[in-house]
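In what follows, chains carry the letters A, B, and so on, assigned in the order in which the sequence lines appear, proteins first and then strands, with residues in each chain numbered from 1.
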Amino acid sequence: MDKTNDIIETRRKKLAELKNNNINLFPNDFIVSHTVRDLRDAIEESQHSIKEDAVFIVAGRMMAINRFGKACFIRFRDRTGQFQAYIRKDKIGDQAYDIFKKLDIGDFVGLRGGIFKTRTGEWTLVADELKLITKAIRPLPEKFHGLKDPEKRYRRRYLDLIMNSNVREIFIKRSRIIQAVRTFFLDRDFLEVETPMMQPIPGGAEATPFKTHHNALGMDLFLRIAPELYLKRLVVGGFERIFEINRNFRNEGISTKHNPEFTMLEFYQAYATHDDLMDLTEEMFGYMAREVTGSTKITYQNNIIDLGGRWNRMPLTYALETIGGIDPGLLKDKEKLLEFASSKSIKITKTKYLGKVISKLFDVLVEPKLIQPTFITGYPVEISPLSRKNEKDSELTDRFELFIAGHEIANGFSEINDPEDQKNRFLQQVADREAGDEEAHFMDEDYIEALEYGMPPAAGEGIGIDRVAMLLTDAASIREVILFPHMKPKVSN
RNA sequence: GGGCCGUUAACUCAGCUGGUAGAGUAUCUGCCUUUUAAGCAGAGAGUCGCGCGUUCGAGCCGCGCACGGCCCA
């Protein structure tokens with residue numbers, strides 16, 4: 001027999017041999033009656049005295065094979081877990097055993113048999129039938145160290161999921177988080193909706209959009225940077241409580257906290273204020289944390305964070321004074337603040353707005369220090385073009401942002417429902433854009449028109465689901481909670 | 001955009017002061033009917049990310065590029 005150097009070549013030869021013996025390598029007629037979980041349940045129900053003559057039919061991927069000549073132990077895995085099986089030549093027959101000898105780790109097999117306990121005390125399925133279900137041509141990564149290289153893990157996430165159980169856990173938790181959000185809102189009479197991902201005018205946030213083109217309509221469209229303006233049209237339409245969980249797209253840099261597409265929860269509640277939403281947010285996080293981790297106390301990057309109960313609420317300027325260490329006398333004076341910033345070597349792009357300077361200083365001096373959940377309130381009107389002005393101080397808005405573990409997690413506010421006010425805010429944004437601010441909002445006349453029909457007072461909030469998933473799974477990078485994070489294509493050779 | 005680090009067998013990693021490639025797992029062959037990262041004996045396996053340069057000689061030194069990671073902007 002000719003000796004080949006290559007593992008894949010060796011496997012292809014095995015495949016050819018199996019094929020020549022009329023073995024179907026990819027059959028689709030194996031009927032599974034039980035999962036690994038069913039096996040464990042059956043053992044439990046029999047109070048660990050299960051009889052070997054009970055028959056189970058299971059299927060899964062072989063993760064390990066210990067060969068002993070005329071018998072083998074294998075480990076196989078399905079969606080519910082991993083189990084051991086014992087394959088004996090005298091049980092499955094000479095012919096089936098010859099086929100089995102040609103199988104590899106990574107192949108899918110179907111097994112039929114009863115359950116017994118080995119000498120070492122492990123419950124094991126002893127097969128009286130074994131069938132190849134799917135042949136693997138490529139070998140899996142090494143069983144003990146698994147797949148570690150981050151680049152390989154992200155590019156071939158399926159291998160990451162096969163080899164790394166902690167990675168599987170993260171994405172199961174992520175799914176549970178989204179399920180918990182749905183349950184939370186549905187229980188409170190919210191309606192789940194879907195609004196356009198492709199928008200003629202990208203609105204609802206300050207961000208650079210991705211541009212695309214609709215051929216039949218002959219028009220440019222933008223992938224949404226936020227669903228906000230459409231959701232509020234629905235509030236005009238009478239849906240008083242709505243939420244949407246979907247992707248936003250922002251044409252910005254990639255980092256441990258940013259992916260170009262990310263999942264956003266946005267919700268709107270009529271007759272509520274931003275204060276109500278802070279209460280609601282506390283409740284929701286408590287609920288999510290309990291559902292997903294079993295506790296409201298979580299550990300994130302070695303910090304113990306308590307998501308239960310009522311959280312700290314702090315005006316922006318107060319946070320800058322007490323946490324950022326800025327003299328209160330500076331906070332009303334843009335020039336002095338800029339001097340202060342440069343003395344701390346904080347670079348701030350040129351702006352005519354005090355609010356932008358304050359916001360930047362906050363990002364650098366305060367945000368990383370907000371480890372326990374904290375609502376920051378009292379955002380300046382010039383950086384909050386969709387937020388309702390405060391009744392007592394027209395320089396400020398009824399808006400908050402939520403910070404946990406030094407990350408911005410949520411942004412919420414009482415909504416502007418005065419069309420005139422909103423139009424003037426847009427006009428200011430348009431002027432800013434003309435003056436060079438590429439992230440300033442566009443005028444959206446259609447949205448103003450909707451407001452002119454009357455939107456009830458309402459408050460709305462957006463929560464970054466990826467960031468929440470990072471928190472609840474103790475992930476340091478957003479790529480660890482996104483199944484297929486964006487990567488540049490790797491050019492081979 | 002800048003800085004630091006990484007890229008060696010299918011996987012995880014060694015590789016000294018520049019002297020021509022190593023281990024474990026996996027694979028292949030043989031033995032083995034209760035193993036637990038099974039064991040024993042043997043074997044094969046490499047575009048050292050890519051390119052250029054320095055050198056008698058480069059996985060190692062220099063320059064450039066690609067991809068990735070972390071940090072900063």
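Here A:Asn66 does not reach the OP1 or OP2 of B:rU35: none of its side-chain N or O atoms lies under 4.0 Å away. Here A:Lys148 does not reach the OP1 or OP2 of B:rC11: none of its side-chain N or O atoms lies under 4.0 Å away. Applying the 4.0 Å criterion to OP1 and OP2 of B:rC71, one finds that A:Thr256 has a side-chain N or O inside that range. Of the side-chain N and O atoms in A:Lys101, none sit less than 4.0 angstrom from OP1 or OP2 of B:rC28. Contact annotation: A:Arg67 does not reach the phosphate of B:rU35 (side-chain N/O to OP1 or OP2, under 4.0 Å). Distances shorter than 4.0 Å separate some side-chain N or O of A:Lys152 from OP1 or OP2 on B:rU12.
How far NZ of A:Lys51 is from CG of A:Asp53: 8.0 Å, rounded to the nearest 0.5 Å.
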Throw together a table of side-chain donor-acceptor distances under 3.5 angstrom for residues 435-443 of chain A, partners on residues two or more places apart or in other chains.
residue, atom, partner, partner atom, Å
A:Asp437, OD1, A:Glu439, N, 3.0
A:Asp437, OD1, A:Ala440, N, 3.4
A:Asp437, OD2, A:Lys356, NZ, 2.8

Side-chain donor-acceptor pairs of residues 103-118 of chain A under 3.5 Å, sequence neighbours excluded:
residue, atom, partner, partner atom, Å
A:Asp104, OD1, A:Lys14, NZ, 2.5
A:Asp104, OD2, A:Arg11, NE, 3.4
A:Asp104, OD2, A:Lys14, NZ, 3.3
A:Asp104, OD2, A:Lys135, NZ, 2.7
A:Asp107, OD1, A:Lys135, NZ, 3.0
A:Asp107, OD1, A:Ala136, N, 2.8
A:Asp107, OD2, A:Asp104, N, 2.8
A:Asp107, OD2, A:Lys135, NZ, 2.8
A:Arg112, NH1, A:Asp128, OD1, 3.1
A:Thr118, OG1, A:Thr120, N, 3.4
A:Thr118, OG1, A:Thr120, OG1, 3.1
A:Thr118, OG1, A:Gly121, N, 3.4
A:Thr118, OG1, A:Glu122, N, 3.1
A:Thr118, OG1, A:Glu122, O, 3.4

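Comparing the same atom, C1', in B:rU20 and in B:rG57 gives a spacing of 8 Å after rounding to whole Å. Between B:rC52 and B:rA58, the two P atoms lie 13 Å apart (nearest whole Å). One C1' atom belongs to B:rA10, the other to B:rG3, and the distance between them is 34 Å to the nearest Å. Comparing the C1' positions of B:rG22 and B:rC48 gives an interatomic distance of 12 Å, to the nearest angstrom. Spacing between B:rG18 and B:rC4 at atom C1', rounded to whole Å, works out to 25 Å. Nucleotides B:rA23 and B:rC65 are separated by 32 Å at their C1' atoms, to the nearest Å. Spacing between B:rU17 and B:rC31 at atom P, rounded to whole Å, works out to 47 Å. Rounded to a whole angstrom, the distance from the C1' atom of B:rC32 to that of B:rA38 is 11 Å.
Annotation: of the two residues near RNA chain B, A:Lys347 and A:Tyr86, the 5′-most nearest-nucleotide partner is A:Tyr86. Comparing A:Arg88 and A:Lys102 by the nucleotide of RNA chain B whose heavy atom lies nearest to each, the residue mapping closer to the 5' end is A:Lys102.
The side chain of A:Glu142 has B:rU25 as its nearest neighbour among B:rU25, B:rU34, B:rA26. When the nucleotides B:rU25, B:rU33, B:rG68 are ranked by their closest atom to the side chain of A:Pro150, B:rG68 comes out on top. Out of B:rA38, B:rA10, B:rC32, the shortest distance to the side chain of A:Lys70 is found at B:rC32. The side chain of A:Ile7 approaches B:rA26 more closely than any other nucleotide in the set B:rU33, B:rC71, B:rA26. Of the listed nucleotides (B:rC13, B:rA26, B:rU35), B:rU35 has the atom at the smallest distance from the side chain of A:Gln84. Candidate nucleotides B:rC67, B:rC11, B:rU27 were compared by shortest atom distance to the side chain of A:Lys14, and B:rU27 ranks first. Minimum atom distance to the side chain of A:Phe68 is reached by B:rU33, of the listed B:rU33, B:rC28, B:rG68.
Sorted by residue number, the members of residues 470-483 of chain A with any non-hydrogen atom under 4.0 Å from RNA chain B read A:Ser477, A:Arg479. Using a 4.0 Å cut-off on heavy atoms, the residues of residues 109-118 of chain A that approach RNA chain B are A:Phe116, A:Thr118, listed by number.
Side chains of A:Glu461 and A:His274: a donor-acceptor N/O pair is absent below 3.5 angstrom, by distance only. Neither side chain, A:Ser255 nor A:Arg479, offers a donor N or O lying under 3.5 Å from an acceptor on the other. Residues A:Tyr353 and A:Asp432 bring a donor and an acceptor atom of their side chains to less than 3.5 Å of each other.
The distance between atom CG of A:Leu140 and atom C1' of B:rA9, rounded to the nearest whole Å, is 17 Å. Atoms CD1 (A:Ile65) and C1' (B:rC28) sit 14 Å apart, rounded to a whole Å. The CG atom of A:Asp107 sits 16 Å away from the P atom of B:rA26 (whole-angstrom rounding). Taking atom CG of A:Asn259 as the reference point, atom C1' of B:rG69 lies 15 Å away to the nearest angstrom. Spacing between atom CZ of A:Arg138 and atom C1' of B:rA26 amounts to 15 Å, rounded to whole angstrom units.
Here A:Glu401 pairs with A:Arg399 in a salt bridge; the nearest charged N to carboxylate O distance falls below 4.0 Å. With salt bridges taken as basic N to acidic carboxylate O contacts below 4.0 Å, none links A:Asp327 and A:Lys336.
Other residues, nucleotides and ligands contribute more than 12 heavy atoms inside 6.0 Å of the CE atom of A:Met487. The neighbour count for A:Arg176 CZ, taken as heavy atoms of other residues, nucleotides or ligands under 6.0 Å away, does not exceed 12. Within a 6.0 Å radius of CG in A:Asn28, no more than 12 heavy atoms belonging to other residues, nucleotides or ligands are found.
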Contacts under 3.5 Å, N or O only, protein and nucleotides 1-7 of chain B:
none

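Aromatic ring centroids of A:Phe403 and A:Phe362 lie under 6.0 Å apart. A:Trp311 has its ring centre less than 6.0 Å from the ring centre of A:Phe285.
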Report task. Map every base of RNA chain B to its dot-bracket character, where paired means a Watson-Crick or G-U wobble contact with both distances under 3.5 Å and | marks a partner outside the strand. Result -> (((((((..((((.....[..)))).(((((.......))))).....(((((..]....)))))))))))).
**Report entry** Test log, rule side-chain contact (heavy atoms from CB on, under 4.5 Å), inputs A:Ile404 and A:Leu402
**Finding:** CA-CA 7 Å; A:Ile404 306 176; A:Leu402 167 64; 4.0 Å; yes
Query raised in the report: Step by step, would you call A:Val126 with A:Lys91 a side-chain contact (heavy atoms from CB on, under 4.5 Å)?
Result: CA-CA 9 Å; A:Val126 58; A:Lys91 275 261 186 186; 4.1 Å; yes
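Contact between A:Pro373 and A:Leu307 at its shortest, heavy atoms only, is CG-CD2, 3.8 Å.
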